Q: 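Here it is, the structure, as structure tokens.
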2 protein chains.
Amino acid sequence: MGDPSIKDVARASQASIGTVSNVLNHPERVAQATQDRVFEAIRTLGYVRNDAARQLRAGKSTTLGLALPATSNPFFAAVAHGAEEVAAERDLRIVLGSTGDTGGQESRYLDLFEQLRVRGVMLSPVSYDPSRLDALRRRNTPVVLIDYVDPAMEFPAVTVDNRAGGYLAVNHLIERGARRIVFIGATGWTHQVVQRFAGAQEAAGHHPDVVLARIDLGEMTVSAGRALGHEMLANWETDSVDGIFAGNDLIALGILQAFVMSKTLRVPHDVRLVGFDDIDFAQSAIVPLTSIRQPAEEIGRAAVKTLLTKFEHPETPAKVVKFEPELIVRDSS
Amino acid sequence: MGDPSIKDVARASQASIGTVSNVLNHPERVAQATQDRVFEAIRTLGYVRNDAARQLRAGKSTTLGLALPATSNPFFAAVAHGAEEVAAERDLRIVLGSTGDTGGQESRYLDLFEQLRVRGVMLSPVSYDPSRLDALRRRNTPVVLIDYVDPAMEFPAVTVDNRAGGYLAVNHLIERGARRIVFIGATGWTHQVVQRFAGAQEAAGHHPDVVLARIDLGEMTVSAGRALGHEMLANWETDSVDGIFAGNDLIALGILQAFVMSKTLRVPHDVRLVGFDDIDFAQSAIVPLTSIRQPAEEIGRAAVKTLLTKFEHPETPAKVVKFEPELIVRDSS
DNA sequence: ATGAAAGCGCTAACAC
DNA sequence: GTGTTAGCGCTTTCAT
């Protein structure tokens, strides 16, 4: 037979099911002696509340959906960590989804969140589809965008000024003497990457003698970066590139590794390298990595807080929380 | 008003509730024309299945619980990734919990899993409590242990031979000439760490001239390692330590960083350093890190597969899948 | 091929 | 303080 239900507890403790429910949810309404009997029965039966039944009854869940491009990237892991921290304080749980750099799983997780009737959704969109989010809004599920501001300003957002970050990175590269710079992005560009490149272009635009190229990877991982690094080495023509701005730290670390292993190219002597995110491992890299820092945990915390505000004041107009990126100079540049 | 339910769909499509349900779950029983009408209504109404109601009716969920010590550690993130991969193939979803190095949240997540009526639990126990797991077994929820074999062999497990890993690490250190070795663990030792130390002791035991000490950290993170590194530097007496075996790569990377920054201690010249896990970032470390590799994603995949087997053949006796760790020699030793 | 109805476990409204 | 009951949305007999 199945799990003990509230009905079994009622029988065992000689109370009605309503009373058992009250013991659990409004103990102050129940006599002490009854409570004792009920708790005793709960213990001996090993009763545990059935969350599905509760939720069905309540009509809404106590879960938040969080969809991020790549949870294995320490940057996003930190965002999730910050979010969990705040959520836990309110006894909210988080269902975390990894949508993939290319967003292939994005729609799948949104489906899941809808089926789960999550109380709110936090999404770092890869393939931004407003109609998808409209559906959420029609069911009154608050949505917060992470690292994307929708042009119509319909949804609140928590972002970092990626464009400014891109500017900082390339401007720094130029100040350090780089003139032939390449930006490493990814095909199926996420909005973030587009913005970083835009900032990079702006910085390069101020200097007529600077050339800014770009290369797209299939995914923004260490191994993709490493593969690219080896490829660049194989085709290296002296002076072809003297500055690299990697779309994220994983790529930067991969490239760095390839260069250092080969021993033919020194960083920063031959090529200057800047990453993005400033993950923890950037500073313990083989050549400590110059990077653009984003406050990962804070972003996660702010996203949950925005949701909490929406719960309490549904009519709050969409607000954008914007963090400023920071250039962290280390040895790689 | 709330979300559209199956009832609304039934009304809008002039079909009964039962028929709508059949369209969704057993389309072959329903005439094509009816199906078309139903799907049309689903679309216009924006109907989405209510997972809570489904689950209540079914009596069980389609979710797996996975509790790991620290999801921000790339090693565990990779384990989770492997698990998700296999789970997704079977349309199972995973609720991931971070129990904390000290296991403070372990019980909390087990509670959650019980309330959720998850179909199976994967647990890397920090504070192993058999009675807690017995409760799960009484409700016929399969459990797989990760990186821990319970002495009674009541639960299947997926493990790496941590003891062998510890042996490999210290044996290697000794072969490279280290004689005064220190192991860095954590208070509230997890079973894994205990085993690693046991293996370390065994290796040291073969060499009468080798001294093996140990230091415990509050948590096994990069910053805890870095703090320890600075402390060690401050109290450095020449020749006091010539080999360090860190309980995991995060600690090793932190120590490494402290040493390299100070420039007074060279790795491996003055101290040889070995980590554990072989996370991706170990090879791009400032001094590429020698480490003991564990097949993270495979562990995750094996855990889910073990659960799947239990679903299909509940009476299968508990089996232990054991992976062998591998010494990866890089520059730090 | 379709419809009617029971019931999963729970909470809240109401009656006593 | 305690008990009774309706109903959340769904799937599944069982009739028709």
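Every chain is numbered from 1, with letters handed out A, B, ... down the list of sequences. Predicted, not measured: the structure shown is a model, and the values here were computed from it. What you see below is based on every heavy atom in this structure, not just the backbone, and it leaves out hydrogens, waters and symmetry mates.
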Q: Using whole Å, what does the distance between atom P of nucleotide D:dT2 and atom CD of A:E28 come to?
A: 13 Å

Q: For C:dA4 and B:S16 - does any side-chain N or O of the residue sit under 4.0 Å from the phosphate oxygens OP1/OP2?
A: no

Q: NA contact type, B:G18, heavy-atom cut-off 4.0 Å: base, sugar-phosphate, or nothing?
A: base

Q: Pick the closest DNA chain D nucleotide for B:A52 and for A:R37 by heavy atoms, then say which residue is nearer the 5' end.
A: A:R37

Q: Which of these nucleotides, C:dA1, D:dC10, C:dC10, is closest to any side-chain atom of B:A31?
A: C:dA1

Q: Please report, rounded to the nearest Å, how far the P atom of C:dT2 is from the CD1 atom of B:I17.
A: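 About 16 Å, once rounded to whole Å.
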
Q: Looking at A:R117 and B:D3, does any basic side-chain N land under 4.0 Å from a carboxylate oxygen?
A: yes

Q: Given atom CZ of A:R11 and atom P of D:dG3, what is their separation to the nearest angstrom?
A: 14 Å

Q: If you measure from the Lys or Arg side-chain nitrogens to the Asp or Glu carboxylate oxygens, is any gap between B:D51 and B:R93 under 4.0 Å?
A: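 Counted as a salt bridge, because a side-chain N and a carboxylate O are separated by less than 4.0 Å.
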
Q: Which sits closer to the 5' end of DNA chain C, B:R117 or B:Q35, going by the nucleotide each is nearest to?
A: B:Q35

Q: Look at the side chain of B:T34 and decide which nucleotide, out of D:dC10, D:dT12, C:dA1, has an atom nearest to it.
A: C:dA1

Q: Within the structure, does a side-chain N or O atom of B:S5 lie under 4.0 Å from either OP1 or OP2 of D:dC8?
A: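 No.
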
Q: Atom CG of B:D3 and atom P of D:dC10: how far apart are they, to the nearest Å?
A: 9 Å

Q: Given atom CG of B:N50 and atom P of C:dG9, what is their separation to the nearest angstrom?
A: 17 Å

Q: If you assign each of B:A53 and B:Q32 to its closest nucleotide in DNA chain C, which residue comes earlier from the 5' end?
A: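 Upstream on the strand: B:Q32.
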
Q: Expressed as a whole number of angstroms, how long is the span from A:R139:CZ to D:dG9:P?
A: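 Going from A:R139 (CZ) to D:dG9 (P), I get 12 Å.
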
Q: Report the distance from atom CG of B:N25 to atom C1' of D:dT13, rounded to the nearest whole Å.
A: 14 Å

Q: When you measure from the side chain of A:T19, which nucleotide among D:dG3, D:dT12, D:dC10 comes out closest?
A: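 Nearest listed nucleotide: D:dG3.
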
Q: Base, sugar-phosphate, or nothing: which does B:L24 touch, judged by heavy atoms less than 4.0 Å apart?
A: nothing

Q: By the 4.0 Å heavy-atom rule, please label B:R29 as base, sugar-phosphate, or nothing.
A: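 Result for B:R29 = base.
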
Q: Remember a base hit wins even if backbone is also touched, and classify A:A15 as base, sugar-phosphate or nothing at under 4.0 Å, heavy atoms.
A: sugar-phosphate

Q: Determine yes or no for a side-chain-to-main-chain donor-acceptor pair under 3.5 angstrom, with A:S13 supplying the side chain and A:V9 the backbone.
A: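 Side chain of A:S13 to backbone of A:V9: a pair is present.
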
Q: Check this for me: does any side-chain nitrogen of one of A:R49 and B:D111 sit under 4.0 Å from a carboxylate oxygen of the other?
A: no

Q: Applying salt bridge (Lys or Arg N to Asp or Glu O under 4.0 Å), name anything that partners A:R37, two or more places apart in sequence or on another chain.
A: none

Q: Nearest whole Å is fine: how far is C:dA12 P from A:L56 CG?
A: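 Rounded to whole Å, this separation is 13 Å.
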
Q: Look at the side chain of A:T306 and the backbone N and O of A:V158, then say whether any donor-acceptor pair between them is shorter than 3.5 Å.
A: no

Q: For A:S21, report the nucleic acid contact type (base, sugar-phosphate, nothing); a contact means any heavy atom under 4.0 Å.
A: base

Q: Do any side-chain nitrogens or oxygens of B:H26 fall under 4.0 Å of OP1 or OP2 in D:dT12?
A: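 Yes, B:H26 has a side-chain N/O under 4.0 Å of OP1/OP2 on D:dT12.
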
